[in-house]
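Structure, as structure tokens:
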Number of protein chains: 2
Amino acid sequence: MRPRKANSREKILAAAADVAREAGPGSLSLEAVASRAGVSKGGLLYNFPTKAKLMQGLVENYLSDFRKALEARAAEAGHESVLSAYIKLSADDCERPKPSATWMFSAIAEDPDFLTPIKAFKHQLLERLKGETSDLGSLLICFVAIEGLRSMNLFDSDVLSEDEHKLLVTSLLKIAG
Amino acid sequence: MRPRKANSREKILAAAADVAREAGPGSLSLEAVASRAGVSKGGLLYNFPTKAKLMQGLVENYLSDFRKALEARAAEAGHESVLSAYIKLSADDCERPKPSATWMFSAIAEDPDFLTPIKAFKHQLLERLKGETSDLGSLLICFVAIEGLRSMNLFDSDVLSEDEHKLLVTSLLKIAG
DNA sequence: CTTACTGTACCGGCTGGACGGTCTTGTCAA
DNA sequence: TTGACAAGACCGTCCAGCCGGTACAGTAAG
């Protein structure tokens with residue numbers, strides 16, 4: 001069974017994301033995270049014995065959230081394809097003004113391999129989408145375009161206005177079929 | 001004998017990119033760069049008085065190379081638009097198996113603001129492309145798709161096969177008009 | 001030609017601070 | 001009492017930036 005105060009883990013994960021976002025990915029230290037989470041360093045190290053484990057936790061948390069969100073969207077009525085669900089989900093994710101996954105940069109700095117599960121997931125997702133359509137060209141465009149949207153959000157590049165963002169999404173949904 | 005006329009600056013810049021790529025963005029230390037460049041720490045600090053200056057140098061070097069390459073492509077015969085030149089340039093850049101700009105992660109870790117010039121350039125580029133076409137929707141798709149391609153290359157995500165890469169590029173060129 | 005001076009390019013040891021991880025010492029619920 | 005969990009002082013390591021040197025090129029007076 002999980003510890004009695006199971007919320008410490010999640011608080012720490014959230015705190016880590018906050019610190020990376022607000023203080024910069026290079027300032028993600030154990031002390032900063034602990035302090036932000038309202039926990040001592042020892043407490044943090046108890047939940048995540050190593051910084052690597054913390055990064056891993058961040059990645060796993062991110063992936064499970066992503067999976068859930070995508071499944072929820074895909075199950076909604078009005079989506080004729082997983083691709084359109086993916087597009088809409090990503091559009092919403094990237095509409096939030098502030099990037100939420102800056103911690104990825106910290107993880108990469110620590111060890112680029114931390115992102116392997118995410119790459120694997122993306123690959124898996126693309127395979128799934130391939131089975132859904134016969135127009136591979138359009139699928140690839142949509143897939144890469146979403147990747148671009150997400151990366152622009154991650155890098156905090158606000159080169160697209162709100163109107164452009166909306167136009168982009170409707171255009172993508174159109175060619176997605 | 002030490003090369004008296006050696007252009008250490010460029011050697012250092014190249015070495016920094018190499019170190020970030022091979023040892024990981026988190027291992028970009030001044031000593032590592034100096035050693036890789038065949039220069040002492042003091043020599044490095046002589047050319048770049050601060051780590052921040054080194055990052056800045058990396059960004060400026062990257063941008064000037066990018067500008068030159070784009071202008072060269074655009075000037076080539078057979079390009080009816082800057083957009084198609086941009087697409088082809090990016091396709092070629094991303095075909096190289098190894099990411100070449102991993103140092104960006106180091107720069108972000110140091111201070112996210114280092115990438116501001118790059119964002120500005122991208123914004124400027126988009127404005128330029130806007131003046132070229134009347135189909136804003138297609139332009140936006142191409143633009144973010146390229147962004148996606150580049151980010152996938154940067155993250156070393158090889159989710160697309162070679163054939164898929166080619167199909168994507170031809171599809172993009174088609175909707176680019 | 002030679003000696004003395006000046007500025008440039010580079011060297012490498014040092015240090016102060018930050019950070020990850022360990023260890024000892026609590027604390028509190030059952 | 002006990003054992004899961006938390007606290008934070010402490011230690012070893014790493015690194016950016018500093019500083020006092022070295023080597024050499026140019027110049028120009030003697």
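Each chain gets a letter, A, B and so on, in the order the sequences are listed, and its residues count up from 1. The figures that follow rest on heavy atoms only: side chains count, while hydrogens, waters and symmetry mates do not.
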From CD1 of B:Ile12 across to P of C:dA9 the rounded distance in Å is 12 Å
Just the rounded figure in Å: distance from P of C:dT15 to NZ of B:Lys41.
13 Å
May I ask you to say what B:Leu54 touches in the nucleic acid, namely base, sugar-phosphate or nothing, with a heavy-atom cut-off under 4.0 Å?
nothing
Would you name the heavy atoms of A:Leu28 and A:Ala20 that are closest together and state the gap between them?
CD1-CB, 3.7 Å
Nearest-angstrom distance from the residue atom CD of A:Glu110 to P of D:dC14
14 Å
Send over the distance from A:Leu45 CG to C:dT24 P, rounded to a whole Å.
15 Å
How many Å lie between CG on B:Leu44 and P on D:dA16, as a whole number?
10 Å
Among C:dG21, D:dA6, C:dC10, which nucleotide has an atom closest to any side-chain atom of A:Ser40?
D:dA6
Between D:dG20 (C1') and B:Tyr46 (OH): distance, integer Å
16 Å
State, to 0.1 Å, how close B:Ile141 and A:Ile175 come at their nearest heavy-atom pair, and which atoms those are.
CD1-CD1, 4.3 Å
With the side chain of B:Ser29 defined as its heavy atoms from C-beta on, choose the nearest nucleotide among D:dA6, D:dC15, C:dG21.
D:dC15
A:Glu31 vs B:Leu30, nearer the 5' end of DNA chain D by closest nucleotide
A:Glu31
Could you check how far NZ of B:Lys51 sits from P of D:dA16, rounded to whole Å?
4 Å
Please determine, by modelled atom types, if B:Ser100 and B:Arg21 share a side-chain donor-acceptor pair under 3.5 angstrom.
no
Under 4.5 Å between any side-chain heavy atoms of B:Leu13 and B:Phe48, yes or no?
yes
How close or far is atom C1' of C:dA9 from atom CD of B:Glu10, stated in whole angstroms?
16 Å
